Every structure is written in structure tokens, then in C-alpha cells.
Amino acid sequence: MSTQLRAARVTLANLRPAPGSQHKVSPLMRAQNPSFNHSLYSKNVLEEGKAQVMEEPLDETYAPVNLDRIQHWIDQGRLTSSPESPITARELLLSGCVHDVHDGIKILGDGAQHFKTPIYIKTSRASKSAIKAIESNGGKVVCQFYNPLALRDCVKGRTDRTAAAPTRREDIALSKQLGAWKHQEFDVQKKK
């Protein structure tokens, strides 16, 4: 009589994940975890013994565009600019220079040595090297704040609404840094 080894039957009761295939669950509260890497986040400690306030980084994603790509699109005739009609996110998207505008367009200075055309461009952000290269060729860069509604209007080509002003404190601080937001004073007459 020969003995045969029988394989264990697979059922729901004896299924388990493979060893090493799962990670430990991280604690829900980051401030209580002593091994959490706080270098990625800025923290404000109110007082010793009180709760710590964690500020999450902004999760904004900008579509990067290099100057050499813009120059290539201008050489092919896909992009044109003038002071009356600057290049915006709409023109960059329709020409295929960017595939998605995400939270705005950021002009980067890579390929500045190949850039030779004076352009007028209105974007969300621009690097210092890109601004220097564009302005040295006689062009102009305007960094304008776009909230999601204003960016959608820009991409769709809507001009019937005025550009929305920033509302969050972080956005107002950001737009002040860009120099695009100016405080407006309104004449309000007191009712008698």
C-alpha cells in the first residue's frame, strides 16, 4: 500500500496573507507618533502640555512648461502672442503644449539659451530664471492668481465673469507675493 500526501484543502477559514506582504497600520494621529518624520511638515506648538497644530502642505499641482518647449511651439506656428492677446492657460492647452492645467501653469527656465522670441504670457507661476529670460528678450510675464473657478473660466474662454478674488488666507498671502492682488477701496456711504 502506497501512502499519498494529500494537499490541504483551501477554504475561507484557512486563508492568510503571505508573510511580509502587509505593513503595520500607522497611527491615526500623527502628533502622537514619536517616529513620524516632522521635517516634512511645519508645526506650531501652542504651549507645553497642549495639543500641537499640524499644518498640512498645499497639495497644488502645477503643469510645468519649459521655455524651450514654448519656443518650439512658436517656431512651429502653434503659439502666437502680442501685448493685446497674451499666451494664457487656454492657448497652452489648445495648442497641446500642456495636456492638463491641473491647478495652474508654471513656466520653468529650462532651455533659456534656446529662447529668442519676445512673448507676453499670463500664468499662475513662473521661476526666476524664466522671468529673467523672457524679459531679457523683450517679453513680459504676468503671474496671476487663479482659484478653481477662475482657472476653469480661463480654460473655457469665458470672459463674461470677472476674475474671482482669493478668499483663503493662504491664497491671499500667495497672491500678495506674486504681486497680482491689489486691495481695492470701495466707497461705502453710511445710511442715515
Side-chain angles (χ1 to χ4, degrees), residues 37-44 54-185:
N37 185 1
H38 291 283
S39 64
L40 300 176
Y41 298 91
S42 62
K43 62 179 180 177
N44 297 326
M54 302 295 290
E55 294 179 8
E56 297 290 331
L58 295 176
D59 57 345
E60 295 178 343
T61 304
Y62 291 97
V65 181
N66 290 319
L67 288 176
D68 56 354
R69 186 174 180 107
I70 292 175
Q71 182 63 50
H72 184 67
W73 254 242
I74 290 171
D75 293 343
Q76 288 181 344
R78 295 182 182 186
L79 284 175
T80 58
S81 77
S82 65
E84 296 81 28
S85 63
I87 297 172
T88 62
R90 177 179 171 81
E91 284 80 21
L92 291 171
L93 185 65
L94 291 177
S95 67
C97 193
V98 294
H99 299 292
D100 190 8
V101 293
H102 300 290
D103 293 323
I105 305 287
K106 182 170 183 175
I107 305 298
L108 302 176
D110 291 346
Q113 65 273 13
H114 305 293
F115 189 74
K116 57 187 178 297
T117 308
I119 63 167
Y120 300 90
I121 191 162
K122 188 186 289 188
T123 61
S124 300
R125 292 189 175 188
S127 66
K128 289 181 181 180
S129 59
I131 293 172
K132 182 178 177 184
I134 291 172
E135 290 179 349
S136 67
N137 286 323
K140 184 178 178 185
V141 178
V142 176
C143 293
Q144 181 175 352
F145 172 81
Y146 289 109
N147 65 4
L149 179 64
L151 185 62
R152 186 171 62 223
D153 285 347
C154 176
V155 170
K156 299 271 185 192
R158 288 189 67 170
T159 57
D160 57 335
R161 289 194 277 211
T162 58
T167 55
R168 295 187 325 187
R169 181 173 293 161
E170 299 88 20
D171 295 336
I172 291 172
L174 174 67
S175 62
K176 281 183 182 178
Q177 291 172 358
L178 297 175
W181 176 251
K182 297 176 185 170
H183 290 286
Q184 298 177 356
E185 296 179 10

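Worth knowing before you read on, the calculation uses all heavy atoms, side chains too, and leaves out hydrogens, waters and symmetry mates. Since the structure is predicted, the reported quantities are computational estimates derived from the model, not experimental observations. Starting from 1, each residue takes its place in the sequence as its number.
Under a 3.5 Å cut-off, the side chain of Asn66 and the backbone N or O of Arg69 do not form any donor-acceptor pair. Between the side chain of Ser95 and the main chain of Glu91, a donor-acceptor pair closer than 3.5 Å is present. Panel note: side chain Thr88, backbone Lys122; no donor-acceptor pair is recorded below 3.5 Å. Side chain of Arg125 to backbone of Ile107: no donor-acceptor contact under 3.5 angstrom is found.
Closest non-hydrogen pair, Pro86 versus Ile121, comes out as CB-N, 4.2 Å. Here the shortest heavy-atom pairing between Asp100 and Ala63 reads O-CB, 3.2 Å. The shortest non-hydrogen separation linking Asp103 to Leu151 is C-CD2, 3.6 Å. Residues Pro64 and Tyr62 approach most closely at CD-O, 3.2 Å, considering heavy atoms. Here the shortest heavy-atom pairing between Gly109 and Ser129 reads CA-OG, 3.4 Å. Between Ser81 and Tyr120, the closest heavy-atom pair is OG-N, 3.2 Å.
At least one side-chain heavy atom of Lys116 sits less than 4.5 Å from a side-chain heavy atom of Asp75. Side-chain contact check for Val98 versus Ile105: some heavy-atom pair is nearer than 4.5 Å. Within the 4.5 Å cutoff, the side chain of Asp68 has no heavy atoms near those of the Phe115 side chain. Counting heavy atoms from C-beta outward, Leu108 and Leu67 have side chains that stay 4.5 Å or more apart. With contacts defined as side-chain heavy-atom distances shorter than 4.5 Å, the pair Thr123/Val142 does not qualify.
Between the CD1 atom in Ile131 and the SG atom in Cys143 there is a gap of 5.0 Å [rounded to 0.5 Å]. Residue Ser82 holds its OG atom at 12.0 Å from CD1 of Ile119, rounded to the nearest 0.5 Å. Here Asp153 contributes atom CG and Arg90 contributes atom CZ; the two are 11.0 Å apart, rounded to the nearest 0.5 Å. A distance of 12.5 Å separates CG in Leu94 from CZ in Arg78, rounded to the nearest 0.5 Å. In this structure, Cys154 SG and Leu93 CG are separated by 9.5 Å, a value rounded to the nearest 0.5 Å. Taken to the nearest 0.5 Å, the CZ atom of Arg152 stands 9.5 Å off from the CG atom of Asn147.
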### Message
As a quick check of understanding, evaluate side-chain contact (heavy atoms from CB on, under 4.5 Å) for Leu92 and Ile87, giving each step before the final call.
### Response
CA-CA 7 Å; Leu92 291 171; Ile87 297 172; 3.8 Å; yes
### Message
Does Ile70 form a side-chain contact (heavy atoms from CB on, under 4.5 Å) with Thr117? I'd like the steps, not just the answer.
### Response
CA-CA 10 Å; Ile70 292 175; Thr117 308; over 6 Å; no
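With hydrogens and angles left out, the side-chain atoms of Ser124 and Gln144 include no donor and acceptor closer than 3.5 Å.
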